[in-house]
Amino acid sequence: MTFDQILFYVFSFWFIASSLAMIFSRNAAKAVLFLILSFFSAASIWILLEAEFLAITLILVYVGAVMVLFLFVIKMLNIDKSTLRAKFAGYLPLGLVVAIIIVAEMALVLGSNQFGLEVIAAPARHAADYSNITVLAMQLYTDYVYPFELAAVLLLIAIIAAITLVHKNEGNRKSQNISEQVSVKAKDRVRLVSIVTPDKGGKS
Amino acid sequence: MENFYLTIALSPLLGAIIAGFFGRTLGRTATHTITVLGVLVSTVLALMVFNYHVLEQGAIFNQNLYTWMQIGELNISVGFLVDNLTAVMLVVVSFVSLMVHIYTIGYMHDDKDYTKFFSYISLFTFSMFMLVMSNNFMQLFFGWEAVGLVSYLLIGFWHHKESAIEANLKAFLVNRVGDFGFLLGIGLVLAFSGSLDYAEVFSSLDNTLNQQLWGMDLITVICLLLFVGAMGKSAQVPLHVWLPGSMEGPTPISALIHAATMVTAGIFMVSRMSPMFEMSDVALTVVMIVGAITALFMGLLGIVQNDIKKVVAYSTLSQLGYMTVALGVSAYSVAIFHLMTHAFFKALLFLGAGSVIVAMHHQQDIRKMGGLRKKMPITYWTGLVGTLALIGFPGFSGFYSKDMIIEAVHFSNLPYADWVYYAVVAGVFITAFYSLRLFFLVFHGQSRVDPHTESHLHESPLSITIPLIMLAIPSAIIGYFTIEPMLFMGWLDNAITVTSSHLPMAGLRNEFHGATAMIFHAVQTVPFWMMIGGIATAWIFSIYRTQWADWVQKKFSIIDYVLQSLYGFDRFNEIVFVKGIKKLGNFLWKISDSALIDSIIVNGSAKFVGFIASIVRPIQTGYVYHYAFFMIFSLLIILTWTLFMGNNPLLVI
Amino acid sequence: MISLSDYLILSAIIFCIGLVGIFVNRTNIITLLMCVELILVAVNTNFIAFSYFLGNEAGQIFVFFILTVAAAEVAIGLAILTLLFRNKGSISVDVTNSLRG
Amino acid sequence: MINTFQFDTTSLTAILPEIFLLSAIVIILLLDLFLTKPFKQVTYYLTQISLLITGVLAFNLIGQPETIILGGSFVLDDMASVFKVFLMVSAMVAMVYSRHYLLQHTLFRGEYFVLIMLSILGMMVMVSGYSLLTLYLGLEILSLSLYTLIAIARDRSEAVEAALKYFVLGAIASGLLLYGMSMIYGISGSLNIGEIMAFSSSATLASRDILVLNFGLVFLVIGIAFKLGAVPFHMWVPDVYQGAPTSVTMFISTVPKIAAVAMLVRLLVDGLGMMQSYWSDLFMMLAILSIALGSIVALLQTNIKRLLAYSTISHIGFVLLGFSTGVVSGYGAAVFYILAYVLMSLAAFGVIILLNKKGFEADLISDYKGLSKHSPWFALMMLIVMLSMAGMPPFIGFYAKLLILQQVVSSGMIIVAIIAVVFAVISAYYYLQIIKSMYFEAPDKEINLSAPIDMKLILSINAVLILVVGLFPDFWMKLALSLF
Amino acid sequence: MENSILSLLIWLPIFGGGLVILLGNERAVTARWVSLAISILVFVMSLSLWTGFDSSTHLMQFAEKSSWITYFNIYYHLGVDGISMPLIILTTFSTILVIAAGWEVIQKRPAHYMAAFLMMEGLIIGVFSSLDAILFYAFWEASLIPMLLIVGIWGGDNRVYAAIKFFLYTFLGSVFMLVSLIYMYNKSGSFSILDMHDLSLTVAEQAWIFWAFFMAFAVKVPMFPVHTWLPDAHVQAPTGGSVILAAIMLKMGGYGFFRFSLPITPDASLQFSGVMITLSLIAIVYIGFVALVQRDMKKLIAYSSISHMGFVTLGVFALFLAYNPNSPEGAFLGLEGAMVQMISHGFISAAMFLVVGVLYDRLHSREISTYGGVINTMPKFTGFAVLFAMANAGLPGTSGFVGEFMVILGAVQANIWYAVLAATTLIVGAAYTLWMVKRVFWGKITNPAVQTLNDINSREFSILAILTLAVLIMGLYPQPVIEVIHVSIDHLLHQALASKL
């Protein structure tokens, strides 16, 4: 077993294990942390595949930003406590059976008959001066300029969407209006209420 | 010539149309004048036709008026066939009809639908003319049903009477049973001959040879089916049940339709079809036996009836039976002869009965009459003539015709003819008995009329008595004058075919020595003494010792019960056909149609779809993880299907 | 050497874990979003593996865009989630069944 | 792989509509920030004008020879142009209807129009997408906009719930689609549709290639089926239709279907046309299931939006049936069907929106009681729509079904045709329920139509077109069939 | 102009209906007169079909052909022969009556009511004159729409159920026809009905197509056991709706058998003629018994319609057995009898429903038991009613007789038992009709409401009088009709007898 393989299996194990831990975690915050662990494993696998740029991006963008966003929301909505009991016990066996069959079928297709080393040999490692990022960049701004523009549109949508959906209208905002506070007058503050006492004359 | 015949048919139709549409506007007098004139024209012309065809031996007229339909080679037309048979029928129908028209003026005087009545009877006259003048089966059927329609309308003329509208429905439906057979017969006729024209049909009768249907000769089946039609119209057992009921109608139509003309249509039809019937002894035997049964058993019922019209009605049934017997023994001309005499004397009897009924303020129970002889002399004397003619008293017209029938049966070589002979001879006794019983109870003996009516009793007006007299004359004498030419001198030969193997007519010819001789010969015959016996019995039970009648009635209560219940035909029909069919209908409707087909199959399949929907719908639980599971499960199925199943499995396990 | 099929099967397993996670999980919706992320990572791994073995950078480019899309998607997903919390006071999957049938 | 790259601006005329629309979006987005309440309507009119111009630009491109530019990511052919024109026209009509709804329900916000335009941009990308990547990005642009649009009524918990469901399921579906794309990429070595076509149609296709192509194909089909809302990937459809604001529902149910069909054509016909014998069976199954389920479950619905959702599912079944024939004329028939469907669906939702008032959604069948009394004209319009959807001649819905059935029968699947027509009859029942409500029942509340005249006019034209195109369908049929 | 008479007949009433809608319910009087004028105009124009008809050829006359949907080779192709022409005139004739019959009775949205009938008239004429299968189908289905609305809007208490049932039932039936039409198009490349006549088909194909046609036409006729929509629809429909339904829409089914089933699938028709005859006979006998026990007048007439239409199908399918090369008259009698029966049933059932309508307008009850002794207060009306009842019972001299007579005569030549069963209608038909007449018209007045009835007014009188004339003329002199249809039927007979195998 080569070192590559050892790395592969170790990372794969962590990848799978942390993914499983994530889906079975009852605590959302813990789930996020497990997901981060899976992303790290994934990034490691990607590096094995010489996709350094993407591996780094995954860590930076996903772990650094997206996952934090998750955590942020979890904290904001205060849902990290495991008050929501997991109720998947009933579905789990069925789910597992389905999943295992699908995996088995996929494995039949993706197995070594189709994608083994005999069929498709591993390419030679790139030279040390190979810059993954350069290669990608070269293509990204030439051949893929159109998708690139589209990605920009996508992000624009995300911005608009986030604002449209979550941003509260001014009327609802709990902010002070200084000028109003300053220009307040005494009669606005104190309201004199005249209390009418019931007539005790006793005609009842 | 064509216009001549056309006028005969159309002038009553014209009268009917005028009376029907404008009767109320024109008023009573104008209406009855027009209709009577219409029929009068027909009568005069009918007599001229009779003169031309019968007396002058004119050529047969057979011509189509217009093409009713032409399908390929098949031509169905409306046309006239006028031969001697038709001529005789024309005279009888038009004459009786004329008498009835006149009679109606008096009889229906107080009715609010006076004009309508005239319209109907004129329409009837037209229909009857169309029937007898037809030269083809389609038109025959047309006339056949048209007279049925008018009969229906007239029986139910007093539509406020529940019994009347029951009776007309019954009459129509029973007739329809007959027509059912008749129509099938016509269908078979067309099938073998390719034509509905009498002449063509008769000329292609050879086609039926050696053809079988239902295990019988084709011609036998055809004749029997046609005879079913005749049974309906001519009220032969078991399709006779409508005729007594038809007495619910006004008396003039009982005379015209249900005694003199329409009911004889069956007799006429069979005579017209004599070439066909002659080919089938089986059919003839059936005809004869049915006739004999009717003649005997319907006569018996006349004995126990107390309604004046019912007695006459059962007598009509019995006489129709005689005619049918005559047909059965191939003595067609005798049947027609009896048809003619019967038309006169039975119309007379009915009109006489009507006269009595009017006088009695519509009291029809003969037990509440008696001694009317003094009060209504004309009715009495004409009634006597009619009765004597009916019972076949020598010299009167009925004597000749009935005697000839009995003789003809005597000569018949058909199987069972001997039994039939006994039946018709017994019938003579019965006829005399009930006729005279009626006569005695009404006109003789103590008056049992209730005093109030008694005080108003008087002879009927002229419009009633004139027809009585006019009818009494032929009732008395026509037999004497026509027996010889009609039966033995070939008046009807150009219309009637008799095969030589059927002996009665030849036998009669040998026996016949003139009308006068017959009278004298009569006293030596059994029928004469049967008649005398009948008269005597009637006298004993009705006048001499009336209490004996009650004693006999008690002694033979079973027979009385059977007779009173009319052999149970009505009850049988009520239970089996009316109730049974209603039950069947309800079953088919409620169970089969509504429940099975509509509720279960039709709405059931709609409900089934709804049921499926209500099962499928909850899959949409609203839970997103269910949706996801559904998607993933579908992925599994599709993947498995694509990989291992399907048309092009990618992997073979 | 590690064959392509090893990578592909690994990603298939992750993919299925992601799928199963979605429907066995009823605690909260945020976990569903994370499962989606898992699916995307699996797909990305596929692309990268293919890209590596084919010597063709298109796969990596694709992954680049998937990451972008995923980020945008998460933003919108969390926004919707927040709205849901505001409306229902919970993000349990069980509360989201007012639309059904 | 395309290595040569020319940034030739003349080639950009092909993509002019997209460029114009994106520029317009940005401008409108900015402009909207500065518009105060009284001038908010300006956004609407600008949107309409932008869509109109985009449509005209696209229309001018009809008849151009097929052009593939931008590194093989973008294709311009007649199908693309015609579809874009239809996208614009239907979007404009939808906008006309939406305005009334948004004003009634205080949802009239600039973002709404921007997001609509963005989603249209996504659809245009899909229509013209010539690589897996652009197709995916177009789809995501569309989807993300739609998620947002649904949730834009953020105070309505059903809307948010609908958005969430759509989002979660949509994300799974795009995950599946991506997985399929990764397989296609992995085996063909390219993201470009043309190259995939070249690969899959090469004579030397090994059994391994076929296996993996089809394996990927399964996931692609599922992704597309989800977008179209075909059974068994339909479950979002009723919930989203019901939960979303009606104007958004109308939009979702119409315009994106054209784009989804376009994506289907790009991926499966242009890209994997040679695999047709594999995917057509799949489609037939999905089609029959869709027709059956859409027809049956709708029977029990009382909410008209939900009912139309199931009706959509059933219509999509017919569209898929057209594709499952696997012949060019069948695809044409499917395109004709989807265009006819868009026309009908727009009118149906138009009538719903027409009846909307503040606080009254008019989304129950019983809300239509006695409509023919109050507004015989629009009741007649709705009648036309319903009958057309039921497939009654002489409305367009009939010819759409006729074309499909003709193709199905001619490919020998008579049983399928019979199943389809039987379910069409069953589905007629629920269309009749609406007719019944409008015509046979007495009104139980006052209905007055407060919609502006332009909406009424457009709605009338829309519905009358259903009849007119039904009477003279020749041109449209030929048009649809000429796209392949 | 000479050549576009059929188009005029189709589109004039349709656009006329549109005009009437535009007039609106507020201007009801104008709407009525305009509708009447249009319907009379159309009728007069349709008479020119009769006068200009060449009864010596079976070829399509007054033909029009222009391309419509070129992709499918669908043409706007119209034309009539002896089979369709009388039905068109029947349609235009009935429409006048219906519009007149709804004159003041319909107070609810009168203009829409009239318009619906006008449009339906145009559509049904379209059905009868289309020579292109898709055109035919379009008219065929479209004619359901006005009827749906007529039953649903102006119908009785249970109208919604009846309307929807009617619609779905007939819709379900016809979609199968559509599939088979498409199938034949795929085979021949043409939707022309005349081309389909010449299309050669295998036994199996013919069998499938035959049953598909059966679904469409048998539901329409309606034949047992797919008849249960009819009683509901008839009972719930307003008078005019019942009239059109019975007088014309049922004929569309019979027409379908003539135009499609026999010439296109002759071998299958032969093969399944036994089944068809059995179903027809069940319809005649069984439905007769069902009709007998009905308590609702309209339901009774509806069932009697089913029974009478059984003669049509019997006549059509008896031809194979009745045909004899030496004397083809048996087959002719069946086929032409079926044709005549359709026309005559158009008159009689229309008349019967109008008669019930007259009563319903007055007392708002269709129950037989409500009435009794109507003759006492409405003698003129009773006269008409009895006449139509007699016609319904097949009395010679009325049109009701002619068709039944011909079919029974034809059936005798096919198989005597067919005739025996068919002829039972003589008894049963008379029984249910006259029993109803007895309970409604004759007798004493038992319900005080009947005492208050007024006899028919001049409008009602004229309608019934016109129908009376039609019934009598047709009964006394059917030859003109026979002459018109004979050559076409002759041609049809040859088509039906020529095997396509």
Side-chain angles (χ1 to χ4, degrees), chain B residues 20 66-74 78 113 138 141-146 148-149 152-153 156 159-162 164-166 168-169 172-173 176-177 179-181 183-184 186-188 190-191 194 196 213-214 221 581-582 584-590 592-594 597-598 601-603 606, chain E residues 165 168-169 224-229 231-232 286-287 289-294 327-330 332-333 336 373 375-376 386 390 393 395-397 401-402 405-406 408-409 411-413 416 419-420 423-424 426-428 430-431 434-435 437-438 441-444 476-479 482-483 486 490:
Chain B
Y66 70 92
T67 301
W68 193 66
M69 63 172 64
Q70 173 83 41
I71 297 173
E73 314 235 310
L74 170 62
V78 172
D113 291 323
M138 189 286 295
F141 193 74
F142 165 76
W144 194 260
E145 289 257 315
L149 166 73
Y152 166 81
L153 293 172
H159 44 75
H160 50 84
K161 273 165 71 184
E162 188 62 26
I165 58 176
E166 291 276 358
N168 74 344
L169 183 61
F172 198 87
L173 293 184
R176 271 294 169 105
V177 175
D179 297 348
F180 166 76
L183 187 56
L184 289 174
I186 293 175
L188 285 174
L190 177 69
L196 288 178
L213 183 67
W214 297 338
V221 174
I581 284 179
K582 267 191 222 172
L584 175 68
N586 266 317
F587 172 81
L588 293 179
W589 177 38
K590 294 268 170 62
S592 167
D593 218 53
S594 297
I597 296 180
D598 204 39
I601 299 177
V602 176
N603 290 339
Chain E
K165 188 173 179 179
L168 288 182
Y169 221 128
F224 177 90
V226 286
H227 63 279
T228 55
W229 62 272
D232 287 313
Y286 162 102
I287 295 296
F289 285 121
V290 174
L292 197 59
V293 293
Q294 297 305 315
S327 62
E329 279 74 26
F332 277 135
L333 276 170
E336 294 181 16
I375 186 171
N376 294 301
V386 171
M390 282 297 171
L395 189 82
F401 166 70
V402 186
F405 183 68
M406 292 169 78
I408 290 174
L409 293 191
V412 168
Q413 307 198 16
I416 181 74
V420 169
T424 54
L426 242 60
I427 305 161
V428 181
L434 295 184
W435 194 31
V437 167
K438 181 198 150 199
F441 293 100
W442 307 134
K444 285 198 185 69
L476 292 172
Y477 191 38
Q479 172 61 16
I482 303 281
E483 193 178 312
H486 183 74
D490 185 53

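So you know, we letter chains A, B, ... as the sequences are listed, proteins then strands, and number each from 1.
Taking E:D490, E:V437, E:L333 one by one and counting their heavy-atom pairs under 4.5 Å with chain B, the maximum is reached by E:L333. The candidate with the highest count of non-hydrogen atom pairs below 4.5 Å against chain E, out of B:E73, B:M138, B:H159, is B:H159. The residue among B:I71, B:N586, B:I597, B:L184 with the most heavy atom pairs within less than 4.5 Å of chain E is B:I71. Listed options B:I186, B:L153, B:L149, B:V78 were ranked by heavy-atom pairs under 4.5 angstrom with chain E; first place goes to B:L149. Of the listed residues (B:G194, B:G187, B:A146), the one with the most heavy-atom contacts under 4.5 Å to chain E is B:G187. Comparing E:K438, E:Q413, E:K444 by heavy-atom pairs within less than 4.5 Å of chain B, the highest count is held by E:K438. In terms of heavy-atom pairs under 4.5 Å with chain E, the best-connected choice from B:G20, B:G156, B:S592, B:A164 is B:S592. With respect to chain E, the highest number of heavy-atom pairs below 4.5 Å among B:V221, B:N603, B:N168 belongs to B:N603.
For E:D232, the part lying under 4.5 angstrom from a heavy atom of chain B is the side chain only. Looking at E:V412, the atoms closer than 4.5 Å to chain B (heavy atoms on both sides) all sit in the side chain, from C-beta outward. For a residue to count as touching a neighbouring chain, one of its non-hydrogen atoms must lie under 4.5 Å from one of that chain's; by this rule B:F587 does not touch chain E. Heavy atoms closer than 4.5 Å to chain B are found nowhere in E:V226, neither backbone nor side chain. Residue contact with chain E, scored on non-hydrogen atoms closer than 4.5 Å, involves the backbone and the side chain of B:V177 alike. With a threshold of 4.5 angstrom between heavy atoms, B:E162 approaches chain E through side-chain atoms but not through N, CA, C or O. When heavy atoms are compared at a cutoff of 4.5 Å, B:D113 does not approach chain E at all. Within the 4.5 angstrom heavy-atom criterion, atoms from both the backbone and the side chain of E:W435 approach chain B. Proximity to chain B (any heavy atom under 4.5 Å) is shown, for E:V428, by neither the backbone nor the side chain. Proximity to chain B (any heavy atom under 4.5 Å) is shown, for E:L395, by both the backbone and the side chain. Of the two parts of E:P225, the backbone and the side chain both hold a non-hydrogen atom closer than 4.5 Å to a non-hydrogen atom of chain B. Contacts of E:L168 with chain B are absent, with no heavy-atom separation under 4.5 Å from either backbone or side chain. For B:K590, the part lying under 4.5 angstrom from a heavy atom of chain E is the side chain only. Contact annotation for B:S594: neither backbone nor side-chain heavy atoms come within less than 4.5 Å of a heavy atom of chain E. In this structure, chain E has a heavy atom under 4.5 Å from the side chain of B:F172, while its backbone stays farther away. With a threshold of 4.5 angstrom between heavy atoms, B:W214 approaches chain E through side-chain atoms but not through N, CA, C or O. Proximity to chain E (any heavy atom under 4.5 Å) is restricted, for B:L584, to the side chain, taken from C-beta onward. Using a 4.5 Å cut-off between heavy atoms, E:L292 touches chain B through its side chain atoms alone. Using a 4.5 Å cut-off between heavy atoms, E:L434 contacts chain B through both its backbone and its side chain. Only the side chain of B:L196 comes within less than 4.5 Å of a heavy atom in chain E; its backbone stays farther off. Looking at E:F441, neither its backbone nor its side chain comes within 4.5 Å of chain B, counting heavy atoms on both sides. Heavy atoms of B:L190 lying under 4.5 Å from chain E belong to its backbone as well as its side chain.
For the residue pair E:F289 and B:L588, the shortest heavy atom distance occurs at CB-CD1, 3.6 Å. Taking each heavy atom of B:D179 and B:W144 in turn, the nearest pair found is OD1-NE1, 2.7 Å. Considering all non-hydrogen atoms of both residues, E:A430 and E:A393 come closest at CA-CB, 3.8 Å.
For the atom pair B:Y66 OH and E:Q479 CD, the distance stands at 10.5 Å (nearest 0.5 Å). Here the CZ atom belonging to E:F332 is positioned 4.5 Å from the NE2 atom belonging to E:H486, to the nearest 0.5 angstrom. The line from OG1 of E:T228 to CD1 of B:I601 is 9.0 Å long, rounded to the nearest 0.5 Å. To the nearest 0.5 angstrom, E:I287 atom CD1 is 7.0 Å from E:F224 atom CZ. Taking CZ of B:F142 as the reference point, atom CG of E:L476 lies at 6.0 Å (rounded to 0.5 Å).
Considering only heavy atoms from C-beta on, B:V602 stays 4.5 Å or farther from E:W229 through its side chain. Counting heavy atoms from C-beta on, the side chains of E:E336 and B:M69 never come closer than 4.5 Å.
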Check the pair E:K165 / B:D598 against side chain to side chain contact (heavy atoms under 4.5 Å, CB included), numbers first and verdict last.
-> CA-CA 11 Å; E:K165 188 173 179 179; B:D598 204 39; 2.6 Å; yes
Chi angles and distances behind the side chain to side chain contact (heavy atoms under 4.5 Å, CB included) call for E:W442, E:V386 | CA-CA 10 Å; E:W442 307 134; E:V386 171; 3.8 Å; yes
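Listed for the E:Y286 side chain is a donor-acceptor partner under 3.5 Å among the backbone atoms of B:D593. One N or O on the side chain of E:N376 and one on the backbone of E:G443 form a donor-acceptor pair closer than 3.5 Å.
The aromatic rings of E:F401 and B:W68 sit tilted, their planes meeting at an angle between 30° and 60°.
For B:E145 and B:R176, the salt-bridge test passes: some basic side-chain N is under 4.0 Å from an acidic carboxylate O.
Scored by the side chain to side chain donor-acceptor pair (under 3.5 Å) test, B:Q70 finds B:N75 as partners (sequence neighbours excluded).
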